[in-house]
Amino acid sequence: MAIRAKKQFGQHWLTSDIALNNIIRTAQLSKGDRILEIGPGTGVLTKRMLPYVDKLLAIEIDRDLCKLLVKEYGEKDNFLLLEGDFLELDIPDILGNFPHFSNYNKVVANIPYNITGPIIEKLLGTISSPNPNPLESIVLLIQKEVGDRLVAEPNNKIYGALSVRVQYLAECEIVCEVPAKDFRPRPKVDSVVVKITPRKLEKEVNNSKFLETIIKLGFSSRRKMLKNNLKSIVDNDKLEEVLTNLNLNTLARAENLSLTDWILLSDELEKI
Ligand code: SAH
């Protein structure tokens, strides 16, 4: 049965078996997995995962879809559906009543694209406040342009604050492309499946709040050189000296610095 998609919830039903199989394969499901799915929609992905996992917690904002999902999968012992906004729900609090579904270790989802950034931040946390219970892996279907930014490397036009912030917390990989024609209704943009694997860096930054600040300021005006964007926190001369000591060009822009460069720069500037 075709379910009409609602625009306000970013609904685009995935219709490609190839894409669904790619998502499932990337998640490397095993019998012990406890999955969180954000925005199950009509349940195309849910249906494929349920037989292979220990527990599946789904969070769906659309009441009509929730009714449908309960009718379809409500009987399954390993399925729990929460109706609400993933970004707003206090999930640990709610799961106090459903302890079997807490401690999910993987996220697998085809998410609404308009809230991709906030969803990733809720899953990973931030540089200064990382998720204390890191997930094993996060497999998401997202807009291609955002996926490209997650994996972007320095000296690339699309390498930005998002790239540095997420790469600090996780390894990101683009698994495959999913063209717009694989969805109903067809979105305006192409999509990719990404795998985000949270990890700890060997050498973490000394002052994570400070690193967040210089990333934000550094990328605030992309055309400007770092020494201009960071003027409010460090003198030009001093910054030039630190950049030189780090083997970086004194005319560098934010997009020229690798993740390691950002960490070293933060540690140096913070000492001043
Ligand atoms: N997984 C389905 C649907 C993807 S569309 C498929 O692949 O076909 C995105 C889904 O996220 C929709 O079902 C939409 O209702 C739901 N959604 C949108 N905003 C949400 C939010 N804030 N919290 C939870 N679900 C949301």
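Counting starts at 1 for both ligands and their atoms, in listed order. Just so you know, these numbers come straight off a predicted model, no measurement behind them.
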Could you state whether Val146 and Val107 fall into the same hydrophobic cluster, counting links through intermediate Ile, Leu, Val, Met, Phe, Trp or Tyr residues with side-chain heavy atoms under 4.5 angstrom apart? yes
Please determine if Trp13 has a nitrogen or oxygen closer than 3.5 Å to a nitrogen or oxygen of ligand 1. no
Within-cut-off N or O pair, Asp62 and ligand 1, under 3.5 Å: no
Check: Asp235 side chain, Asp237 main-chain N or O, donor-acceptor pair, under 3.5 Å: no
Heteroatom distance test (Leu87, ligand 1): nitrogen or oxygen, under 3.5 angstrom: no
Region of Val44 that comes within reach of ligand 1 [heavy atoms, distance under 4.0 Å]: side chain
Residue, atom name and distance, where the atom is the protein heavy atom closest to atom 2 (C) of ligand 1: Pro40 O, 3.4 Å
Which protein heavy atom lies closest to atom 23 (N) of ligand 1, and at what distance to 0.1 Å? Phe86 N, 3.0 Å
Closest non-hydrogen protein atom to atom 19 (N) of ligand 1, residue and atom name please, with distance? Pro112 CG, 3.4 Å
Any N or O of Ile115 that comes nearer than 3.5 Å to an N or O of ligand 1? no
Show your working on salt bridge (Lys or Arg N to Asp or Glu O under 4.0 Å) between Lys216 and Glu212 and close with a plain yes or no. CA-CA 6 Å; Lys216 190 167 170 202; Glu212 281 178 341; over 6 Å; no
Are any of the heavy atoms in Gly84 under 4.0 Å away from ligand 1? yes
State the OG1-CZ distance between Thr46 and Phe79, to the nearest 0.5 angstrom. 6.0 Å
With rounding to the nearest 0.5 angstrom, report the CD1 to CG distance, Ile127 to Leu211. 4.5 Å
Does even one non-hydrogen atom of Asp85 get within less than 4.0 Å of ligand 1? yes
Hey, is Ala109 touching ligand 1 through its side chain, its backbone, both or neither, going by heavy atoms under 4.0 Å? neither
side-chain hydrogen bond (donor to acceptor under 3.5 Å, both in side chains) evaluation trace for Arg253 with Asn256: CA-CA 6 Å; Arg253 292 182 168 77; Asn256 305 126; 5.5 Å; no
So for atom CZ, which belongs to Phe9, do other residues, nucleotides or ligands contribute more than 12 heavy atoms lying within a distance under 6.0 Å? yes
With heavy atoms only and a cut-off of under 4.0 Å, state how His12 meets ligand 1: side chain, backbone, both or neither. backbone
Testing the 3.5 Å rule here: is there a donor-acceptor pair between the side chains of Glu270 and Asn206? no
Just heavy atoms, cut-off under 4.0 Å: does Thr42 contact ligand 1 by side chain, backbone, both, or neither? neither
Return the CG to CG distance between Asn110 and Leu141, rounded to the nearest 0.5 Å. 4.5 Å
Please say whether Gly39 places an N or O atom under 3.5 Å from an N or O atom belonging to ligand 1. yes
